[in-house]
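All figures in this text were calculated on a predicted structure; none of them were measured in a lab.
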Amino acid sequence: MAQSQTNISQGQVLQRIPLLASINPLLFAVYIYSKPNTHYSLGDYTIRFPLMSVIKPFSFLYLLEHLGEEQVLQSVGTSPSSMAFNSLEQLISDNGHPRNPMINSGAITVAHKLNSISQVSNSSNYTGIFLSQSFIEWLNILADTQLYLDVDMLNSVRSTRSPLNLAIARILYENGYIENIESALDIYEEICCISGTVMDVGKLGKLLAHETGLIAPQHRLLVNHVMLSCGLYESSPHYAQKIGLPMKSGISGALLTVIPDQGAIAIYSPAINLTGNSIAGLRFIETLFG
């Protein structure tokens, strides 16, 4: 634990969102699932937290399952980014095309399409209330989770909406990838505030770990591929080489690691580094696999 606290002291909880800024940075929880149906938990594993970007592989999966790979990949790519997850420069250099669904430009585009699947109007009378409910219900049924929308966290996110996300959404709109800036950002913020425990995150990882018959095999493999190459933002190439496992982080301190054909590890430790990855979470995975 002393080593974990040393690592945690090198980062901090996200300051931009008030409710995240108030979280104890020393919290730590782990949930491990391995075949056949073996589970381990450690630390503050009952604490609920927003998944933030850890939800992005599953919104991508939702689109693949509902629209098909060909249609989805017309709107978002699968290439790694060498810049930050909210880089405006990256999007501009790509002529407005979202490089992958794990960074904000791609995730906002995915959110827009998720919104259209739910058949919610993008008209001027749009209210922005709980558009993610059908997505949450789909995940809870599929993975046997108890995910929910944390409305207090959502209000905190919206009280300090990211100017970079707004600028990203404008470029996406100008290039025809989204049809309504406000509704795309609203659903994006909602899905980032889907919350649960490390057990819930681990159960989501179980969907991607091995064949279950619940999702198309080619979609599971594609999501794992994108997580491996893009899931830790610009640190992804380093960890793809060092660890070699599909991983996805979130600015809340959540971290999901998928061990194909074996299981999944979910970690929550809210102190993050400058890249946006959980410091203690990555250290834990490096200790196991590095």
remark   = Correct closest heavy-atom pair for I272 and G250 would be CG2-O, 4.3 Å

request  = For the pair I191 and K56, evaluate side-chain contact (heavy atoms from CB on, under 4.5 Å) and give the outcome as yes or no after the intermediate values.
outcome  = CA-CA 8 Å; I191 64 176; K56 291 175 181 177; 5.9 Å; no

query = Are the side chain of T160 and the backbone of R16 linked by a donor-acceptor contact shorter than 3.5 Å?
reply = yes

ask   = Around Q15, counting heavy atoms of other residues, nucleotides and ligands shown, do more than 12 lie under 6.0 Å from its CD?
value = yes

request  = Check whether any side-chain heavy atom of H219 lies under 4.5 Å from a side-chain heavy atom of L61, and answer yes or no.
outcome  = yes

message = Do L208 and M199 land in one hydrophobic cluster if side-chain heavy atoms of ILVMFWY residues count as linked below 4.5 Å?
response = yes

request  = Verify side-chain contact (heavy atoms from CB on, under 4.5 Å) between L20 and M52, making sure each step is shown before the conclusion.
outcome  = CA-CA 11 Å; L20 286 184; M52 292 294 169; 3.9 Å; yes

task = Compare all side-chain heavy atoms of V157 with those of C192 and state whether any distance is below 4.5 angstrom.
result = no

ask   = Roughly how far apart are I23 CD1 and S252 OG, rounded to 0.5 Å?
value = 7.5 Å

query = Just by distance, do the side chain of K248 and the backbone of G231 share a donor-acceptor pair under 3.5 Å?
reply = yes

query = Are N86 and N104 close enough, and set up right, to give a side-chain hydrogen bond (donor to acceptor under 3.5 Å, both in side chains), and what steps lead you there?
reply = CA-CA 5 Å; N86 58 356; N104 290 15; 5.8 Å; no

request  = For the pair S156 (side chain) and D152 (backbone), establish whether a donor and an acceptor sit closer than 3.5 Å, ignoring hydrogens and angles.
outcome  = no

Cluster check Y33, V223: I/L/V/M/F/W/Y, side chain < 4.5 angstrom = yes

ask   = Going by the ring-ring contact (aromatic ring centres under 6.0 Å, His included) test, which pairs reach into residues 67-94, not counting sequence neighbours?
value = F85-Y233

message = Tell me whether the count of non-hydrogen atoms from other residues, nucleotides or ligands lying under 6.0 Å of CD in E89 goes above 12.
response = no

message = Do F49 and V201 have side chains that approach each other closer than 4.5 Å (heavy atoms only, starting at C-beta)?
response = yes

query = Looking at NE2 of H112 and OG of S75, how far apart are the two atoms once the value is rounded to the nearest 0.5 Å?
reply = 8.0 Å

key: Residues forming a ring-ring contact (aromatic ring centres under 6.0 Å, His included) with F60, sequence neighbours excluded   = none

note = When every non-hydrogen atom of V76 is compared with those of P101, the smallest separation belongs to CG2-N, 3.6 Å

request  = Using a 4.5 Å cut-off on heavy atoms from C-beta on, say whether the side chain of M102 contacts that of P80.
outcome  = no

task = Give a yes or no on whether the backbone of S105 and the side-chain of R99 come within a donor-acceptor separation of less than 3.5 Å.
result = no

task = Applying side-chain contact (heavy atoms from CB on, under 4.5 Å) between I265 and each of I285, L255, L245, V198, report the one that passes.
result = I285

key: Separation of E137 CD from S132 OG (nearest 0.5 Å)   = 9.5 Å

request  = Report yes or no: do Y148 and I136 belong to one cluster of Ile/Leu/Val/Met/Phe/Trp/Tyr joined by side chain heavy-atom distances under 4.5 Å?
outcome  = no

note = The reported gap from CG in L51 to OG in S59 (rounded to nearest 0.5 angstrom) is 11.0 Å

ask   = Which residue pairs satisfy the salt bridge (Lys or Arg N to Asp or Glu O under 4.0 Å) criterion with at least one member in residues 193-203, sequence neighbours excluded?
value = D144-K203

ask   = Does L232 belong to the same Ile/Leu/Val/Met/Phe/Trp/Tyr cluster as F289, with side-chain heavy atoms less than 4.5 Å apart forming each link?
value = yes

task = Rounded to the nearest 0.5 Å, what's the gap from OG on S53 to CD1 on I251? Could you check?
result = 6.0 Å

ask   = Going through the checks in order, is the side-chain contact (heavy atoms from CB on, under 4.5 Å) test met by K206 and N37?
value = CA-CA 10 Å; K206 180 180 175 181; N37 214 29; 3.8 Å; yes

task = Please report the shortest heavy-atom distance between A143 and L207, naming the atom on each side.
result = CB-CD1, 3.9 Å

remark   = All heavy atoms of S249 vs all of G276, minimum pair found to be OG-O, 4.0 Å

inquiry  = Checking one residue: V13. Which other hydrophobic residues are in its cluster under the side-chain 4.5 Å linking rule?
reply    = none

key: 4.5 Å side-chain heavy-atom contact, L149 and C193   = yes

ask   = Any donor-acceptor pair under 3.5 Å linking the side chain of E190 with the backbone of L154?
value = no

request  = Grab the two heavy atoms, one from A264 and one from L256, that are nearest each other, plus how far apart they are.
outcome  = CB-CD1, 4.3 Å

query = Only one of N100, T78, I103 clears side-chain contact (heavy atoms from CB on, under 4.5 Å) with C230; which?
reply = N100

inquiry  = Does E286, at its CD atom, have more than 12 non-hydrogen atoms belonging to other residues, nucleotides or ligands within less than 6.0 Å?
reply    = yes

Check: R48 main-chain N/O paired with S195 side-chain donor or acceptor under 3.5 Å = no

message = Ignoring hydrogens, what is the shortest heavy-atom contact between G263 and A209? Give both atom names and the distance.
response = O-CB, 3.4 Å

Within one Ile-Leu-Val-Met-Phe-Trp-Tyr cluster: L288 and M247, side-chain cutoff 4.5 Å = yes

D186 side chain near R161 side chain, heavy-atom distance below 4.5 Å = yes

Heavy-atom donor-acceptor pair, T275 side chain to N277 backbone, under 3.5 Å = no

query = Taking the side chain from N140 and the backbone from L147, do they hold a donor-acceptor pair closer than 3.5 Å?
reply = yes

inquiry  = What's the separation between atom CD1 in I215 and atom CG in L64, rounded to the nearest 0.5 Å?
reply    = 9.5 Å

key: Parallel, tilted or perpendicular: rings of Y62 and F135 (30°, 60°)   = perpendicular

query = So F284 and S278, side-chain contact (heavy atoms from CB on, under 4.5 Å) or not? Walk me through it.
reply = CA-CA 10 Å; F284 186 88; S278 171; over 6 Å; no

Linked hydrophobic residues, Y173 as query - side chain contacts closer than 4.5 Å = L88, L91, I92, I108, L164, L166, I168, I171, L172, Y177, I178, I181, L185, Y188

request  = Taking atom CD of E211 as the centre, report whether more than 12 heavy atoms of other residues, nucleotides or ligands fall under 6.0 Å from it.
outcome  = yes

ask   = Is there a donor-acceptor contact under 3.5 Å from the side chain of D44 to the main chain of F28?
value = yes

query = Do S159 and P18 come within less than 4.5 Å of each other through their side chains, counting heavy atoms only?
reply = yes

message = Under 4.5 Å side-chain heavy-atom separation, chaining through any Ile, Leu, Val, Met, Phe, Trp or Tyr, what else clusters with L274? Say none if it is isolated.
response = none

